[in-house]
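Scroll down for the structure; my scribbles are underneath it.
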Amino acid sequence: MNEQVALKKETQAENNKDFEIRDYLRLDLFPHFMCPGCGHGIALRALLWAIHEQGIDKDKLAIVSGIGCSGRVGTYIDANTFHTTHGRPLAFATGLKMARPDLHVIVITGDGDCLAIGGNHLIHAARRNLDITCLMLNNEIYGMTGGQVSPTTPHDRFTTTTPAGNMEPVFDASRLAEAAGAGFVGRELTIHLPRLRDLISEGLEYKGFSFIEVMSDCTEVNGRKNDLGSSPEMVLGQTRTMRPSEYDNNVVDHPFRPNSMDMGVFVRSDRPEYGESYRNMVDQLQGLTQKGQK
Amino acid sequence: MAKVKKTDNSVMAVLADPPKLDPKETKEPINVLIVGVGGQGVIMVSKVLALICQNLGYEVKQSEVHGMAKRGGVVFSHVRFGSNVWSPTIPMGKADVLIALEWAEGLRWMSYLRPGTGIFIADTKRIVPPFACRSRILGADIGYSKDTPDDVREKVAEAFALDATEMATRAGNERAANTLLLGALSTTLTFPTEEWKKVIAQMVPPKTVDVNLAVFDQGQNWIDGSRKGEPVEGAAFVPLVQPELNSVRNTLEITAEWCKGCDICVKMCPERCLVLNKDQVAELAEPEKCTGCHICEWLCPDFAISLNPITQEAVA
């Protein structure tokens, strides 16, 4: 077993060497529409790198994305991409995966898309544990529509709809997915790109619903409104303001972040994968019917 | 005294008639200088020596610098003993024995040795300080001494360079290297071996007494054997391995149309070799500084940067 793991690691490292991101991009659409310094670009690189590391064929790759800045990220990937309605990428992806189990289905969604309008779909996708990789790009705001408050906007943050500071408690998306029954849950910052790549790679490898929360930056809307500094300052500040547990010891409680956020893999369970159980049942039932007919 | 030269890498020079330093015979105090790096056990060596001298009824003065050297900085300790010792520090050129627990430290303090008779015993263990490696380019020159025992052979009367750390590791505990050097030191003095062992057993942690006494013997035998010209067991000096200077010159291919001037690459570059030009587009201002660490490429949200390593041959 260990030899297999070592061999796999070796192949992945070998794969990593010849990673050329432009092989995976729709170059005619570039430069992309995202604002300067937007963390979604870094998250996209991590995703494509992880896909390359896993050696997934572009023809066997299906990217399903919702609405919002995160929804547009999928557009730039040179694969089978599917730009769906607001909040429903997981529902579309569920149907896609059920019909075409041979595809690698990856959902790119945002915090508003996944938790607000699509919260219902998230919990049910997690409950079923169907083999989908869900990448939630959490920039803590509705960026594309002009900076409205989202379910993950931290306390006291200024947004267009909360001019005196946000007073709603936030969702911890990873804990939500965990509680709903997702088989694989992890969270990482965009500044830790190699770690993010490894996390996504693990999620792609996992058979079951893998929920990956990427802590991204919204520099133009969130950053500007809350005086979080320039793009490099926001990227550098991730380790400090988002407070992963390893930096937690000496940091005083940050006014914008009520809770310290830990990073890494939270859940990796061996729950049965829904698609497989479903097909088993179909086989069983068909077998039974044939038997009965005989 | 005739000087016998050895070609062996680790036995640098041996005097035909090695002096046995006896405090009873000299009016002046005997000076032993112990140098090394924080954490190696310099102070322990000097304490053992001082305690033995005290037990044998000599006057001892010991003076040391440690404190801020904790784990990695310079530590030295002067031990002077005899019938009368007035000053606690050894003047330059008056040390009878120089014990170095680290190779470069030994070379640094060599001028303290008494010309003609001073005995130099050094561990060839190299602890390269971070400030010796300022350039992050692979294969860049480091500031650590590149001298081998052959290079400094002419400067010393009697000298031994043994890989005490490696020998102690083989004996079971890397941290016993200082006791091995105590064994080496004991051959230059007239104190009885029992006295040395008694004090060492008293000073080291109880669990490590056996290994410490074993390496003490090893150190004694090493020097005695070398002086007699016998082949001695022990690790020889391993020259510093420096990787070849990276022949890869990195160029950044920056797609200007894609760059939005977010400044991330400029601020995140550890070598500060990128700038934003007047069009607010990232530009590699100092290509020779680039180490190819990929940070700009990885953190560029617009995929505008790609690192292309070009070998020098291809450039030429």
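Proteins come first, then strands; the chains are lettered A, B, ... in the order of their sequence lines, and each starts at number 1. Predicted model, so just to flag it, every value in this text is computed and none were measured.
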A:Thr219 versus chain B, the contacting section by heavy-atom distance below 4.5 Å: neither
Between CD on residue A:Glu233 and CD1 on residue B:Ile264, distance to nearest 0.5 Å: 11.0 Å
Contacts of type side-chain hydrogen bond (donor to acceptor under 3.5 Å, both in side chains), residue A:Gln54, not counting sequence neighbours: A:Ser201, A:Glu205
Pairs satisfying salt bridge (Lys or Arg N to Asp or Glu O under 4.0 Å), at least one member in residues 264-281 of chain B, at least two apart: B:Arg136-B:Glu271, B:Asp263-B:Lys267
Distance, nearest 0.5 Å, that separates CZ of B:Phe303 from CZ of A:Arg45: 6.0 Å
Closest approach of B:Leu299 to A:Thr190 (non-hydrogen atoms, all atoms of both residues): CD2-O, 3.8 Å
Please tabulate, one pair per line, all N/O donor-acceptor pairs under 3.5 Å involving side-chain atoms of residues 66-76 of chain A, not counting sequence neighbours.
unit_1  : atom_1 : unit_2   : atom_2 : d
A:Ser70 : OG     : A:Gly110 : N      : 3.0
A:Thr75 : OG1    : A:Arg72  : O      : 2.9
A:Tyr76 : OH     : A:Phe33  : N      : 3.0

Distance-minimising heavy-atom pair for A:Pro232 and B:Cys262: CD-O, 3.3 Å
Side chain to side chain contact (heavy atoms under 4.5 Å, CB included) evaluation trace for B:Trp258 with A:Leu27: CA-CA 10 Å; B:Trp258 292 12; A:Leu27 296 177; 3.4 Å; yes
Chain B contact via A:Ile21 - which portion, at a heavy-atom distance below 4.5 Å: side chain
Flag, side chain of A:His32 to backbone of B:Pro301, donor-acceptor distance under 3.5 Å: yes
Side chains of A:Leu193 and B:His294 in contact at under 4.5 Å (non-hydrogen atoms): no
Which portion of A:Ile191 sits near chain B, non-hydrogen atoms under 4.5 angstrom: both
Between B:Glu297, B:Met268, B:Lys260, the one whose heavy-atom pairs under 4.5 Å with chain A are most numerous: B:Lys260
Contacting region of A:Arg197 [heavy-atom separation from chain B under 4.5 Å]: neither
Toward chain A: residues of residues 207-215 of chain B with heavy atoms under 4.5 Å: none
